[in-house]
Amino acid sequence: MLTPPSDVKKDWSDHALWWEKKKTWLLKTHWTLDKYGIQADAKLQFTPQHKLLRLQLPNMKYVKVKVNFSDRVFKAVSDICKTFNIRHPEELSLLRKPRDPSKKKKKKLDDQCEDDAFELEGPLITPGSGTDILYIGPVKGNIYSSPGLYSKTMTPTYDAHDGSPLSPTSAWFGDSALSEGNPGILAVSQPVTSPESLAKMYKPQALLDKAKINQGWLDSSRSLMEQEVKENEALLLRFKYYSFFDLNPKYDAIRINQLYEQSKWAILLEEIECTEEEMMMFAALQYHINKLSIMSSENHLNNSDKEVDEVDAALSDLEITLEGGKTSTILGDITSIPELADYIKVFKPKKLTLKGYKPYWCTFKDTSISCYKSKEESNGTPAHQMNLRGCEVTPDVNISGQKFNIKLLIPVAEGMNEIWLRCDNETQYASWMAACRLASKGKTMADSSYGMEVQNILSFLKMQHLNPDPQLIPEQITTDINPECLVSPRYLKKYKNKQPGYVRDLITARILEAHQNVAQMSLIEAKMRFIQAWQSLPEFGITHFIARFQGGKKEELIGIAYNRLIRMDASTGDAVKTWRFSNMKQWNVNWEIKMVTVEFADDVRVSFICTEVDCKVVHEFIGGYIFLSTRAKDQNESLDEEMFYKLTSGWV
């Protein structure tokens with residue numbers, strides 16, 4: 001056995017005592033063992049706090065990182081994001097890898113081979129070493145600190161056109177370990193390599209499967225070791241909370257790309273539903289992003305020595321900020337609230353009824369819609385009136401079929417009233433849909449976001465248009481499309497009885513047709529449009545859990561979104577009842593019986609037990625969204641970790 005020379009001193013500063021039986025770190029070095037309650041027979045382990053972790057990023061690629069296993073997960077994720085130059089780490093967390101229940105238990109060797117297939121090629125190199133390990137977290141006496149450009153210097157860091165760094169790599173990441181490796185890999189989109197790799201990935205078949213994935217979220221207020229995470233274990237880094245604050249291409253190229261990747265995989269793996277027209281739009285955007293990513297990488301290599309005057313860049317950014325963008329030349333009366341009035345077809349579904357839509361003269365004032373039999377009767381008493389505050393708003397659109405429907409689920413004492421609105425065209429639909437969405441949040445059309453909401457809806461619809469006279473596409477261009485990697489398997493199954501070549505040509509033609517609507521977009525704009533389109537889908541932003549409500553006889557779903565709780569039918573996914581966080585007075589957990597109770601205004605009380613997940617996970621989602629709602633656009637505002645723990649930890 002070889003022993004190190006006596007004159008070589010070993011650094012023990014990263015080591016600490018771990019009490020396996022109690023699952024706790026002994027980090028309070030001024031405490032005596034007796035104060036910790038440790039007896040003579042207790043087994044303590046003297047072990048490094050920083051250990052290796054295999055981290056799968058939202059783009060499905062793995063990196064090896066060294067993370068502090070004694071830090072709370074919230075702090076560990078914050079350190080990871082600082083090193084990766086991802087702002088707002090509070091939106092992300094760590095998730096255990098879901099198991100595919102349809103497959104038999106695999107051997108460890110098979111799992112290792114599958115994981116290694118996605119390993120980055122020499123991803124991120126630690127300074128001074130020949131390994132592919134990226135060390136994360138503050139370590140005394142070395143250079144593994146977080147990069148300076150992450151923090152308060154809001155000088156533009158990335159090109160807002162293609163997301164490439166404005167400065168040389170060393171300035172981009174400062175002394176971060178990333179500066180010695182290949183930092184651009186995190187900001188560059190990774191295309192799906194083959195249909196076979198896509199087919200092997202786990203795809204949830206039903207809402208209950210989606211709910212079971214959420215069992216894997218780690219507790220943010222406890223350390224990795226306390227949650228039995230082993231060294232070299234694979235964990236997933238994901239955007240946990242669907243509330244993305246201040247996405248800015250000038251500072252967030254990596255954050256935007258990883259968010260794009262997470263949304264792309266959510267669509268390809270059918271974690272979220274979309275129509276066939278929307279799928280072709282997403283495929284066209286993917287194809288466009290893949291092409292521009294290759295071009296951007298080549299251009300960046302050719303111009304890697306390009307220097308940028310950061311003072312000029314900062315002054316330019318300040319000029320744009322001070323200008324505040326262009327405003328309309330004619331300002332409306334700010335004391336009046338805009339209104340909508342038009343003929344809209346209204347349908348109220350009832351059991352055993354065959355009646356269809358009936359036209360009404362509808363007026364939209366504040367947060368309410370009033371329906372009159374004709375325009376002439378609009379000064380009298382309405383035939384129907386509905387207040388949309390707290391309602392669920394769902395689009396039902398088919399561009400080619402010229403169908404522009406709005407589904408409303410309006411909360412009443414006994415549940416939800418279902419109302420359908422049918423618009424005549426895109427312009428009418430965009431105006432009424434935007435008004436409905438704002439009204440559901442208790443806002444009126446006087447809100448500054450109304451005009452932007454209308455434009456976003458129109459833009460989303462425009463991207464789905466089919467060109468009546470598509471331009472002839474040169475044959476050589478179609479060869480670089482792999483349509484099986486751009487659409488989810490569900491849409492390929494529609495053509496399972498057709499010849500593979502015919503199916504490929506058909507889908508390729510549809511993707512190229514849809515591509516003409518997005519062909520002029522820059523790389524970053526295309527990614528942002530993809531994210532916005534993802535956010536426009538009806539099921540976006542809802543995290544599902546299996547629950548049993550107090551007084552209920554069967555298992556149901558509880559859906560948690562950034563602004564509401566939703567009681568849902570487990571088989572159909574339909575909303576049974578919705579409660580807005582804006583009306584919430586308090587929430588608490590009975591830890592003995594694992595029951596979550598939420599109290600709302602007007603003495604409304606909701607209690608439920610989570611049947612297949614620790615109620616702490618649900619409690620953290622509710623508290624996390626409340627915490628995120630307190631953020632403000634203050635560049636000097638630091639992350640209030642203690643406030644996060646107060647809202648989410650429950651007992652700490």
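Values below: all heavy atoms of this structure, side chains included; hydrogens, waters and symmetry mates excluded.
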Interatomic distance, Phe530 atom CZ to Ser263 atom OG [nearest 0.5 angstrom]: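 One gets 4.5 Å once the value is rounded to the nearest 0.5 Å.
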Nearest-0.5 Å distance, CG of residue Asn583 to OG1 of residue Thr578: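 Answer rounded to 0.5 Å: 11.5 Å.
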Table please: side-chain donor-acceptor pairs of residues 544-554 below 3.5 Å, with sequence neighbours left out.
| residue | atom | partner | partner atom | Å |
| --- | --- | --- | --- | --- |
| Arg548 | NH1 | Lys553 | O | 3.4 |

Do any N or O atoms from the side chain of [X] and from the backbone of [Y] form a donor-acceptor pair under 3.5 angstrom?
| X | Y | value |
| --- | --- | --- |
| Gln45 | Trp19 | no |
| Arg631 | Leu628 | yes |
| Ser78 | Phe74 | no |

Side-chain touch Ser629/Phe627, heavy atoms, less than 4.5 angstrom: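 With C-beta onward as the side chain, the pair stays apart.
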Does the side chain of [X] come under 3.5 Å of the side chain of [Y] through a donor N or O and an acceptor N or O?
| X | Y | value |
| --- | --- | --- |
| Ser189 | Glu261 | yes |
| Asp34 | Thr32 | no |
| Asn563 | Lys441 | no |
| Glu226 | Thr24 | no |
| Ser440 | Glu392 | no |
| Ser70 | Ser223 | no |

Option from Asn214, Val618, Ile542 for which side chain to side chain contact (heavy atoms under 4.5 Å, CB included) with Ile560 holds: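 Option passing the side chain to side chain contact (heavy atoms under 4.5 Å, CB included) with Ile560: Val618.
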Aromatic contact, Phe46 with Trp12 (centres under 6.0 Å):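 Yes.
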Parallel, tilted or perpendicular: ring planes of Tyr241 versus Phe644, cut at 30 and 60 degrees: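 The rings of Tyr241 and Phe644 stand perpendicular, inter-plane angle above 60°.
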Whether Trp217 and Phe621 hold their rings parallel, tilted or perpendicular, with breakpoints at 30° and 60°: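 Trp217 and Phe621: perpendicular rings.
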Residues Glu539 and Lys210 bridged, charged N to O under 4.0 Å: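 Counted as a salt bridge, because a side-chain N and a carboxylate O are separated by less than 4.0 Å.
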Lys646/Glu642 salt bridge by N-O under 4.0 Å criterion: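 Between Lys646 and Glu642 there is no salt bridge, as every charged N stays at least 4.0 Å from the carboxylate O atoms.
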Under the salt bridge (Lys or Arg N to Asp or Glu O under 4.0 Å) test, residues paired with Glu20 that sit two or more places apart: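 Result, salt bridge (Lys or Arg N to Asp or Glu O under 4.0 Å) vs Glu20: Lys23.
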By salt bridge (Lys or Arg N to Asp or Glu O under 4.0 Å) - contacts of Glu270 (at least two apart):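 Salt bridge (Lys or Arg N to Asp or Glu O under 4.0 Å) list for Glu270, sorted by chain: Arg490.
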